[in-house]
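Working notes, structure below.
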Amino acid sequence: MPLALLALAVGAFGIGTTEFAMMGLLPDVADDLGTSIPSAGHLVSAYALGVVVGAPLLAAVTARMPRRRVLIGLMVLFVAGNALSAAAPDHGWLLAARFLSGLPHGAFFGVGAVVATGLVAPERKARSVSLMFLGLTVANIVGVPAATLMGQHLGWRATFLAVSAIGLVAIAALALLLPDDHGRGANGGLRGEVAALRGLPVWLALGTTVAGFGALFSAYSYITPMLTEAAGYGDASVTVLLALFGVGATAGNLLGGRLADHALRGTLFGGLIALGVVLALFPLLMRAEWSAAVGVTLLGTAAFTTGSPLQLMVMEKAAAAPSLASSANQAAFNLANAGGAWVGGLVLAAGFGVTSPAVAGVGLAVLGILVAGVSYGVDRRRSTPLATGRLIATHVPPASKTEARTL
């Protein structure tokens, strides 16, 4: 695998760290800025909104620019957003800075996935995407806990300065390791990129992402009360258990990338089924500390097995606009985050018990399988006439040997 993938992984590590570290810093931010924790929670939403808005928008407006320049520019914006977060004098400033920090998130992963697949042989495309995503999953093991500890001991502003420094390292790595002449986006510009997203297969692929990862976030959004109230862990142990989730996610990401290069759709279906089974077992797994630790790890493994297949499938469905489609898939991940948390919150509010969000996630996993099945049916229906046509054409005998050689 080329070293340029390391540069993409460094950028992904910084993005993953700044996205999830805020959740552990909310009490410190609220105390320092004189606001409530619920109000500080809007900082998480502001970042997610930036991802949803920025992913398709930035990918579209930079469609005809060299992708190396786009990736470096996105990391510059990322560094600026985190530096402004560190300097925020009040809650409103920090809210705007967090929105700015989220803008390059989806476009970086979207354009980065296109670049990653272009750096390797066709049979290694999914693996290359998984190696870029490796930075995101490792951030959950190392980056987020380290950033949280730094914020608690040195102040939350130090965390955002450290993330800005990671962004500068990523810029240097991209400039040094990514080839100068790596391709441009679609020649059709903004109109051509948007037109390529109109097909039903693209939207079915995006729908699979929303439903599949919505299943994950239905449970993961409420993993702390599950671990403390159902499994009996103390609050201090939750950080370690979340690192176990990161370990499982890293393993699932690498496994999914390797398997998807051999059977893309089979890996996707297998991952969604495994996710549904793990979520269905969650009420049982949360009855003891040891089984809860196993359950958290398996949750990360099952969910992230589908990450690379989903990203690659969306890119293949919109081959004329892979950057925009890939970035739109990142927006779909964040919609899944918000939608899954909402579904999990509904069942909790209805009084079904602390592990009920996981059971609700089973329904979303089944929905993801159904949408993926419809997508598979649509693909087969569209490919059958073409296959028949090719079969007939190859059986038309040429008039002469000369014509045969010409054909």
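Between V111 and S326 there is no side-chain heavy-atom pair separated by less than 4.5 Å. Side-chain contact check for V359 versus L279: every heavy-atom pair is 4.5 Å or farther apart. For the pair R68 and L174, the minimum side-chain heavy-atom distance is 4.5 Å or more. The closest side-chain heavy-atom distance from F13 to L136 is not below 4.5 Å. Here the side chains of F333 and N329 are in contact, with some heavy-atom distance below 4.5 Å. At a threshold of 4.5 Å between non-hydrogen side-chain atoms, the residues R157 and L161 do not count as touching. Between L264 and E316, some side-chain heavy-atom pair lies under the 4.5 Å cut-off. Looking at heavy atoms from C-beta onward, T209 lies out of side-chain contact with Q311 at the 4.5 angstrom threshold.
Of all heavy-atom pairs between P309 and T305, the closest is CD-O, 3.3 Å. Between T267 and A263, the shortest heavy-atom contact is OG1-O, 2.7 Å. Summarising the geometry of A358 relative to F282, their closest heavy-atom pair is CB-CB, 3.6 Å, with the distance given to 0.1 Å. When all heavy atoms of A365 and G276 are compared, the pair lying nearest together is CB-CA, 3.9 Å. The minimum heavy-atom distance linking V142 with P145 is given by the pair O-CD, 3.4 Å. Listed here is the closest heavy atom pair of G353 and S356: O-OG, 2.6 Å.
Of the possible polar contacts, one joining the W93 side chain to the L84 backbone as a donor-acceptor pair under 3.5 Å is found. Y233 places a side-chain N or O within 3.5 Å of a backbone atom of E289 that can act as its donor or acceptor partner. Formation of a donor-acceptor pair under 3.5 Å by the T306 side chain with backbone atoms of A302 is not found in this model. Looking at T18, its side chain never comes within 3.5 Å of a backbone N or O of I15 through a donor-acceptor pair. A donor-acceptor pair is defined here as one N or O able to donate and one able to accept, closer than 3.5 Å; such a pair exists between the side chain of S291 and the backbone of A288. Between the side chain of N253 and the main chain of S130, a donor-acceptor pair closer than 3.5 Å is present. Formation of a donor-acceptor pair under 3.5 Å by the S164 side chain with backbone atoms of A83 is found in this model. Between the side chain of S218 and the main chain of P357, a donor-acceptor pair closer than 3.5 Å is present. In this structure a side-chain-to-backbone donor-acceptor pair under 3.5 Å is present from T301 to G248. Not one N or O on the side chain of S375 forms a donor-acceptor pair closer than 3.5 Å with the backbone of V371.
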Next on the checklist: With side-chain contact (heavy atoms from CB on, under 4.5 Å) as the criterion, how do H262 and E123 come out once you've worked through the C-alpha distance, each side chain's angles and the decisive distance to 0.1 Å?
Outcome noted: CA-CA 8 Å; H262 298 285; E123 65 273 12; over 6 Å; no
Checklist entry - Are L285 and T355 close enough, and set up right, to give a side-chain contact (heavy atoms from CB on, under 4.5 Å), and what steps lead you there? => result CA-CA 10 Å; L285 293 171; T355 59; over 6 Å; no
Next on the checklist: Applying side-chain contact (heavy atoms from CB on, under 4.5 Å) to R69 and T62, what does each step give before you reach the verdict?
Outcome noted: CA-CA 10 Å; R69 188 185 305 171; T62 59; over 6 Å; no
Item to check | L242/N140 under side-chain contact (heavy atoms from CB on, under 4.5 Å): CA gap, chis, key distance, verdict | outcome: CA-CA 8 Å; L242 294 184; N140 282 281; over 6 Å; no
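Separating the CE atom in M226 from the CG atom in L241 is a distance of 13.0 Å, to the nearest 0.5 Å. Summarising the geometry, atom CG belonging to L5 is positioned 9.0 Å from atom CE belonging to M132; distances are rounded to the nearest 0.5 Å. Within the model, atoms CG of L103 and CZ of R98 stand 11.5 Å from one another, a figure rounded to the nearest 0.5 Å. Distance CG/L119 to NZ/K125: 11.5 Å, rounded to 0.5 Å. One finds the CG atom of L206 at 9.5 Å from the CG atom of L310 (value rounded to the nearest 0.5 Å). Interatomic distance, CG of L244 versus CD1 of I141, reported as 9.0 Å (0.5 Å rounding).
Ring to ring, F304 and F133 are not that close: their centroids are 6.0 angstrom or more apart. Y47 has its ring centre less than 6.0 Å from the ring centre of H105.
Between R127 and D261 a salt bridge is recorded (basic side-chain N to carboxylate O distance below 4.0 Å).
Ring geometry for F217 against F213 counts as tilted: the plane angle lies between 30° and 60°, on a 0 to 90° scale. Ring geometry for Y220 against F245 counts as parallel: the plane angle stays under 30°, on a 0 to 90° scale with 60° as the upper cut.
The environment of NE2 in H153 is sparse: at most 12 heavy-atom neighbours from other residues, nucleotides or ligands sit within 6.0 Å. With a 6.0 Å radius and a threshold of 12 heavy atoms from other residues, nucleotides or ligands, F269 has its CZ atom above the threshold.
Applying the side chain to side chain contact (heavy atoms under 4.5 Å, CB included) test between M286 and each of V354, V296, L281 identifies V296 as the sole match.
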